[in-house]
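Reviewing the structure listed below.
Throughout, residue positions are numbered sequentially from 1 according to the sequence presented.
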Amino acid sequence: MEEFRGADFSDGDHWLTERARGSGRSGAGGAEAWIRAGHIAHMSYVVRQLMGMAG
């Protein structure tokens, strides 16, 4: 999807990419892992947006 910022954007996006490719640790993880990855990706986005506003 064009909204996906890529595996290098954050640790959360990297984790999601590994799950999509079937690489990394085996298994898809539980709900906690998916929520954590989503939060990391979102907070990385928010921080970068705020940094851009300050500069």
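- Counting heavy atoms of neighbouring residues, nucleotides and ligands inside a 6.0 Å radius, atom OH of Tyr45 does not exceed 12 of them.
- Residues Gly6 and Asp13 approach most closely at O-CB, 3.2 Å, considering heavy atoms.
- Atom CZ in Arg48 sits 13.0 Å away from atom CE in Met43 (nearest 0.5 Å).
- Within 6.0 Å of atom CD in Glu2, 12 or fewer heavy atoms from other residues, nucleotides or ligands are found, so the atom counts as exposed in its surroundings.
- Taking each heavy atom of Gly29 and Ala33 in turn, the nearest pair found is CA-CB, 4.4 Å.
- Between Ser10 and Ser44, the shortest heavy-atom contact is CB-OG, 3.3 Å.
- The CG atom of Leu16 lies 10.0 Å from the CZ atom of Arg5; values are rounded to the nearest 0.5 Å.
- Using the six-membered ring where Trp is involved, Trp34 and Trp15 have ring planes that are perpendicular, over 60° apart on the 30 and 60° scheme.
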